J.: 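Take this structure first; my questions come after.
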2 protein chains.
Amino acid sequence: MKVRREDRPGESFPGPVEEGSAGPGRPTIKAVAAAAGVSTATVSQAVNGTGRISEATRRRVLAAAAELGWSPSASATALRRARTRTIALVVRRPTDVLGVDPHFSELITGLEGELAPRGYGLLLHLVPGLAEESALYERLVAEGRIDGAVLTEARSDDPRPGLLRRLGLPAVLLGSPERGGPVPGVGLGQQGAGVREAVAHLLALGHRRIAYVAGPAELVHTGARRSAFEQALAEAGLRPAAVRHTDFTEEAAVAVTEELLALPDRPTALVFPNDSMAVCGMGAAQRAGLRVPMDVSVVGYDNLPLGRWLHPRLSSVDQQVQRVGAAAALTLLARCGEDVPTALLEGRPRLVVRESTGPAPAAP
Amino acid sequence: MKVRREDRPGESFPGPVEEGSAGPGRPTIKAVAAAAGVSTATVSQAVNGTGRISEATRRRVLAAAAELGWSPSASATALRRARTRTIALVVRRPTDVLGVDPHFSELITGLEGELAPRGYGLLLHLVPGLAEESALYERLVAEGRIDGAVLTEARSDDPRPGLLRRLGLPAVLLGSPERGGPVPGVGLGQQGAGVREAVAHLLALGHRRIAYVAGPAELVHTGARRSAFEQALAEAGLRPAAVRHTDFTEEAAVAVTEELLALPDRPTALVFPNDSMAVCGMGAAQRAGLRVPMDVSVVGYDNLPLGRWLHPRLSSVDQQVQRVGAAAALTLLARCGEDVPTALLEGRPRLVVRESTGPAPAAP
DNA sequence: CGACTTTGGTTAATCGATATACCTGCGGGT
DNA sequence: ACCCGCAGGTATATCGATTAACCAAAGTCG
């Protein structure tokens, strides 16, 4: 199919929109001032609540503004105040054929919930790699397009906090438990607790050969979770059946699962670093003729909505990404000089037990 | 967990970022002009390629700009030119507890691919309902925050194209085959073809009792696909085993599936309006003790990445959402006065046959 | 009663870039 | 020698809002 444009008889939306076709254009502060019989300065002060304006005049101005449907121009305000009321979220996508991790959908939902009511916008960008991400921040800052940025997936040696600090751009970092870095970290910090709970659950079900599928080694949370996993097992006097690092792709999930299930001493439970991969792993296991959870148990991470509806329903660690997003937004807004309540992120990651985990199979 | 901020000994990122902490602030066009020994007008013209500037001076200016790391201020340019180089995408999410439909991730990927290289940004907003969506456009336009908008999920009596036309905002509408409306439609127009192909596939497999799960009746594509479905069956001398409208939520998918499978004359195949719902339906069927595809076949729509990895792998109609996104971006950019190639959207929706469809079970 | 404060507003500079109108040499034609 | 045209820039108004400085009128107080 071709995008309409040629071979159409009754073309009704020609080329670019002609300027001024919408009448006299949008009203400016001048029009409002004239309508209210005051100066533009008064309008500005009335709307912003600054300066000394009588209640009567203020109402008159507000009425005039509403009447004309006027809102201050974002560009003009941004220029004058050097604040754009825009926050950037840059998503690095592993490969460019796949879409964005569903994880981000949740995060965005959480962010938007706090940003929108305060008149802030979310500027979304997708980049292939870390180098492009840094270059993008430089450009966005150089152009003065944003007031702050949300950094996701902290890495062990992450160049971004330092960069943004140098650029003077407020930022928050997700996925890092570290304190005192160049930018504040938010949530996703007690990842270990979630993993520990998952391990405890599996141990209680009688599992002894538990394998762990980890994310890319360069991510901070990968290490945190991995050591939590190993430690939790160690406390029970066990060692991991296996630990494999992956690049977070579905392909890798399938490949690793197949490999783990072919091990001479097959693990009875698999712990995955996110739900997408867990789903893939579950599929791979089933395809290999194993039943979940009778032959092998599977645990995911993130508790995506979809997991509730699969068969079997996916047991997963809920880390409340939405709330983390909200907290990140609040923290960032505070750093942008906005007057917001302190971000409270009560609770920690919790395991949600569903159907993909069950008693360990009797020893063969 | 609490967001760090209190009870911390070595606070190292205090309150709002203090102004000017990053040195002399970002360079302006004046600095570049001074460095190059020319006027600011010359700098502007050199950078924009307008006016008459000698090649030598141009290079000198560009060098100075690069040296200082200067890019024109987006706010200033936007104010002067009345162009923000920002496009809005407003996502309406059915309920606020769930995240964003993965479908949108694909769409965004496609949009970004064309927007980013041209220096355009994507402003993302989430709203609960249609009324809020319209109000949001009004605000964004009143504030002059955007140059255009991508409208998704065309409705049969959609107020948005008219609204944006009145507001004078360039826009494209996704999911509408209609021509000649107030704004151009893009792709997602031959939905019928995809459904027809799916039906043909099922018929060839021997299915005779095929049920159709439809989206909300108010969406344009729902009607288009539904009639394509009924027509395709009619051509084979059949009637739908059932047609049910839903609100696109996972809950509805599960409920409808359970209802359909409990029908006295149980359908042997189910066609869903998107992959998320198909996955839910598949889960519901399996949970009801049915095997997919031996007892019941399932077809989705969208061909999301995840479908490839489930067990069984999901048969689905691929409508190339990413490409549609790219085409939408190009069409919109053209309407914004940008010089871009005409959007070509070759191909039409195609069925991808995987494992969730199989021969119809022998009649009981 | 005159200096002083307070109230309620206005004037004008400013943010950074763009575009129009306007100079300034300089070579060429006559 | 004089005017013209043009290449190559520059001075300045402008986009729309904010804000510091300022001002007029109306209390206020010793």
Side-chain angles (χ1 to χ4, degrees), chain A residues 19-20 24-62 64-65 68-85 119 140-145 147 337, chain B residues 19-20 24-62 64-65 68-85 119 140-145 147 337:
Chain A
E19 206 58 62
R26 292 198 311 281
T28 74
I29 196 173
K30 266 189 203 160
V32 177
V38 296
S39 73
T40 64
T42 303
V43 175
S44 175
Q45 291 171 173
V47 168
N48 292 303
T50 63
R52 295 164 306 184
I53 302 290
S54 75
E55 196 48 38
T57 326
R58 178 189 312 283
R59 265 200 291 275
R60 204 148 39 82
V61 169
L62 261 33
L68 295 174
W70 173 80
S71 296
S73 149
S75 313
T77 309
L79 176 57
R80 189 61 235 254
R81 295 225 247 235
R83 290 250 115 100
T84 57
R85 298 183 89 80
L140 291 175
V141 169
E143 296 182 349
R145 261 181 178 267
D147 290 348
Chain B
E19 208 58 61
R26 293 199 310 281
T28 75
I29 196 174
K30 266 189 204 159
V32 178
V38 295
S39 74
T40 62
T42 302
V43 174
S44 175
Q45 292 171 170
V47 168
N48 292 303
T50 64
R52 295 164 306 184
I53 302 290
S54 75
E55 195 48 39
T57 334
R58 178 189 311 284
R59 263 201 291 277
R60 203 149 38 83
V61 169
L62 261 32
L68 294 174
W70 174 81
S71 298
S73 149
S75 313
T77 309
L79 176 57
R80 190 61 236 251
R81 297 225 246 232
R83 288 252 118 99
T84 57
R85 298 183 89 79
L140 291 176
V141 169
E143 296 182 349
R145 261 181 178 267
D147 289 347

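Letters go in sequence order (proteins before strands), and every chain restarts at 1. Everything quoted here is computed from the prediction, not taken from an experiment.
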J.: Describe the nucleic acid contact of A/Ser44 in one word from base, sugar-phosphate, nothing, applying a heavy-atom distance below 4.0 Å.
T.: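 Base: the residue A/Ser44, judged by heavy atoms under 4.0 Å, touches a nucleobase.
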
J.: With the side chain counted from C-beta on, respond yes when A/Ser73 and A/Thr28 share a heavy-atom pair under 4.5 Å apart, and no when they do not.
T.: no

J.: Among D/dT10, C/dG9, D/dG16, which nucleotide has an atom closest to any side-chain atom of A/Leu79?
T.: D/dG16

J.: Say whether, by atom type as modelled, one donor and one acceptor occur between the side chain of A/Ser44 and the main chain of A/Thr40 under 3.5 angstrom.
T.: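 Such a contact is absent between A/Ser44 side chain and A/Thr40 backbone.
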
J.: Given D/dA17, is OP1 or OP2 found less than 4.0 Å from the side-chain N or O atoms of A/Trp70?
T.: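 Affirmative; the distance criterion is met.
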
J.: Provide, to the nearest angstrom, the distance between the CZ atom belonging to A/Arg145 and the P atom belonging to C/dG16.
T.: 17 Å

J.: Tell me what B/Thr77 touches on the nucleic acid: a base, only sugar-phosphate, or nothing, going by heavy atoms under 4.0 Å.
T.: sugar-phosphate

J.: Can you check the A/Ile29 CD1 to D/dT14 C1' distance for me, whole Å?
T.: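 Distance check: A/Ile29 CD1 to D/dT14 C1' gives 16 Å.
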
J.: Test for a donor-acceptor pair under 3.5 Å between the base of D/dT18 and the side chain of A/Arg81, counting only N and O atoms.
T.: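 Answer is no: no donor-acceptor pair is held.
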
J.: When all nucleic acid strands are considered with a 4.0 Å heavy-atom cut-off, which category describes B/Thr50: base, sugar-phosphate, or nothing?
T.: nothing

J.: May I ask you to decide if B/Ala78's main-chain N or O and B/Arg83's side chain share a donor-acceptor pair within less than 3.5 Å?
T.: no

J.: Hey, does B/Val38 reach any base, or is it just sugar-phosphate, or nothing, if we go heavy atoms under 4.0 Å?
T.: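 Sugar-phosphate, backbone atoms only, no base.
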
J.: Look at the side chain of B/Thr28 and decide which nucleotide, out of C/dG16, C/dT10, C/dT7, has an atom nearest to it.
T.: C/dG16

J.: Under 4.0 Å, counting only non-hydrogen atoms across every strand here, what does A/Ser39 touch: a base, just sugar-phosphate, or nothing?
T.: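 Base, at least one base heavy atom under 4.0 Å.
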
J.: Please report, rounded to the nearest Å, how far the P atom of C/dA19 is from the CG atom of B/Asn48.
T.: 7 Å

J.: Can you find a pair of side-chain heavy atoms, one from A/Lys30 and one from A/Val43, that are under 4.5 Å apart?
T.: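 The answer is no; the side chains never approach within 4.5 Å.
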
J.: Check every atom of D/dA17, C/dG8, C/dT11 against the side chain of A/Arg80 and return the nucleotide holding the closest atom.
T.: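 From the listed options, D/dA17 comes nearest.
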
J.: Closest-nucleotide mapping onto DNA chain C: is A/Gly37 or B/Ala76 further toward the 5' terminus? I mean the 5' end.
T.: A/Gly37

J.: Rounded to whole Å, how long is the line connecting atom CG of B/Leu68 with atom P of C/dG16?
T.: 14 Å

J.: Once you round to the nearest 0.5 Å, how far does CZ of A/Arg26 lie from OG of A/Ser71?
T.: 9.5 Å

J.: Looking only at side-chain N and O atoms, does A/Thr42 come under 4.0 Å of OP1 or OP2 in C/dG8?
T.: no

J.: NA contact type, A/Ile53, heavy-atom cut-off 4.0 Å: base, sugar-phosphate, or nothing?
T.: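 Here A/Ile53 touches the backbone only, sparing every base.
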
J.: Starting from P on C/dA21, measure out to CD on B/Gln45 and report it in whole angstrom.
T.: 14 Å

J.: Between D/dA17, D/dT10, D/dT19, which nucleotide gets closest to the side-chain atoms of B/Ala41?
T.: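 Ranking D/dA17, D/dT10, D/dT19 by closest atom to the B/Ala41 side chain puts D/dT10 first.
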
J.: Just by distance, do the side chain of B/Arg145 and the backbone of B/Leu140 share a donor-acceptor pair under 3.5 Å?
T.: no

J.: Establish whether the base of D/dG9 is bridged to the side chain of B/Arg52 by a donor-acceptor pair shorter than 3.5 Å.
T.: yes

J.: Nearest to the A/Ser54 side chain among C/dG16, C/dG9, C/dT10, which nucleotide is it?
T.: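 Within the option list, the nearest is C/dG9.
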
J.: Base, sugar-phosphate or nothing for B/Ser75? Non-hydrogen atoms, less than 4.0 Å.
T.: nothing

J.: Separation of B/Arg85 atom CZ from C/dA17 atom C1', in whole Å?
T.: 14 Å

J.: Rounded to whole Å, please give me the gap between NZ in B/Lys30 and P in C/dG16.
T.: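 Taking atom P of C/dG16 as the reference, NZ of B/Lys30 is at 7 Å.
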
J.: What is the separation between atom CD on A/Glu55 and atom C1' on C/dT7, rounded to the nearest whole Å?
T.: 14 Å

